Amino acid sequence: MDDSGLIAHCYRMLGSITDAVEIAGSVSNYGDATLACLARAGTRPLPSDLAAPSAHPEGALSESPEILWLEPIPEHLMDGRPIDLGLVAALQRVAPLSRAATILHDIEGWPTARITTLLGDVRPVPVVAAPTVVPDEALLTRYRAAFEQYDVPAIVTLFTDDAIWEMPPFTSWFRGARDIGRLISTHCPAERPGDQYLVPLKANGLPAFAVYMRDPKDNVHRAFQIQVLTLTATAIIHAVAFFDLSLFQTFHLPDLLQGLPPNPYDGTLRPHIERRH
C-alpha cells in the first residue's frame with residue numbers, strides 16, 4: 001500500500017503531519033489507521049479559530065506554545081486528493097467521529113454501510129474544499145522579492161484588503177493588508193534587504209516558502225518560519241506563518257543556508273539548498 005495515502009489520511013484526521021507519519025507507519029489499512037487516529041484525535045486549531053483579530057499590530061504578541069496547533073503537510077507526503085489548509089482546518093472543527101466518517105465517505109469513497117461497520121451509526125457532515133486557484137507565478141515572484149528586499153509597502157500591495165495573516169504559536173492574528181504591513185514593520189526581525197531568504201515550496205497543495213533569517217552575529221541565514229499562502233486569482237488572501245522549526249526537517253530542509261554572501265543583495269551568489277532525504 002502507498003504510504004503517502006495512509007499518511008495523508010491520518011493527516012486529515014489529526015491535523016498533525018508529525019502524528020500522521022507515526023501512526024501510518026504502524027498500520028497497514030485505512031480502517032486501522034482511522035481507529036488509531038480516533039484514539040489520539042483532538043482539535044488542532046489555527047489562531048483565527050480561537051479569537052477575533054487583533055486591532056493593534058504594533059502591540060505585544062500573545063503566544064501559546066502549549067496548544068497543539070495545526071501543521072502543514074509537504075508535497076512529497078500528499079496523495080493527490082484535496083488537502084488544502086482550509087479544508088484540514090475545517091475538518092478539525094468537526095467532532096472526531098464525524099470527521100472520520102466525512103473523510104472516509106467524501107475523500108476515500110467508502111459506502112455508508114462500510115463506515116457504519118467501522119464507526120457505528122455516525123454520519124458524514126458537509127465540509128467544502130476551497131476552489132483550486134492556479135498559482136500566479138509572477139505574483140509569487142514579486143512576493144518573494146518583496147520579502148527578500150524587506151520592502152513592506154510592496155508586500156502590502158500583494159494582499160487583499162481583507163486578507164488574514166496568522167502565525168502559530170502566536171494567538172494574535174491580523175486581518176487586512178494594512179495591518180499585515182504594520183505587523184511586519186514592527187515585529188519582523190529583518191532590517192534591510194538580504195536579511196531574509198525565501199525558498200519556494202509547496203504545502204497542502206498550496207504555494208509556500210521556507211523563510212531563513214540572517215543572524216546579525218555571524219551573518220548566517222537560519223530557519224525562521226514556513227509560510228503557506230492561499231491565493232485568489234490576483235492576490236494573497238490568507239498567509240499562515242508556522243514558527244515550529246521542526247517542520248524544516250519534515251520538509252527536508254536544512255536548518256541553515258550555506259553559500260550566501262553576508263548580504264545576498266550585495267552580490268549574485270544564491271545558495272544551493274541541500275534537501276534532506
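One-based numbering along the sequence shown. Just so it is clear, the structure is predicted and the values come from calculations on it, not from any experiment.
- Comment: Arg40 engages Asp19 in a salt bridge, judged by a side-chain N to carboxylate O separation of less than 4.0 angstrom.
- For the residue pair Glu148 / Tyr143, no side-chain donor-acceptor distance below 3.5 Å is found, with atom types taken as modelled.
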### Query
Are Leu206 and Leu229 close enough, and set up right, to give a side-chain contact (heavy atoms from CB on, under 4.5 Å), and what steps lead you there?
CA-CA 6 Å; Leu206 301 170; Leu229 308 179; over 6 Å; no
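- Judged purely by distance below 3.5 Å, without hydrogens or angles, the side chains of Glu71 and Thr18 pair a donor atom with an acceptor atom.
- Ring-centre distance between Phe224 and Tyr197: not below the 6.0 Å cut-off.
- Between Arg93 and Asp49 there is a salt bridge, with a side-chain nitrogen of the basic residue lying less than 4.0 Å from a carboxylate oxygen of the acidic one.
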### Task
Given ring pair (Phe, Tyr, Trp, His ring centres under 6.0 Å), test Phe159 with Phe174 step by step and report yes or no.
CA-CA 12 Å; Phe159 285 89; Phe174 303 87; over 10 Å; no
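- The aromatic ring centres of Phe147 and Phe209 sit 6.0 Å or more apart.
- A donor-acceptor pair shorter than 3.5 Å can be found between the side chains of Asn204 and Tyr11.
- Summarising the local packing, NE2 of His56 is surrounded by 12 or fewer heavy atoms from other residues, nucleotides or ligands at distances under 6.0 Å.
- The residue from Ile103, Thr117, Leu118 that alone fulfils the side-chain contact (heavy atoms from CB on, under 4.5 Å) condition with Trp110 is Leu118.
- Checking side-chain atoms of Trp165 against main-chain N and O of Gly181 turns up no donor-acceptor pair under 3.5 Å.
- Between the side chain of Asp32 and the main chain of Asn29, no donor-acceptor pair closer than 3.5 Å is present.
- Atom CG of Asp218 sits in a crowded spot, with more than 12 heavy atoms from other residues, nucleotides or ligands closer than 6.0 Å.
- Not a single donor-acceptor pair under 3.5 Å links the side chain of Arg175 to the backbone N or O of Pro53.
- For His238, the side-chain hydrogen bond (donor to acceptor under 3.5 Å, both in side chains) partners at least two apart in sequence or on another chain are Glu166.
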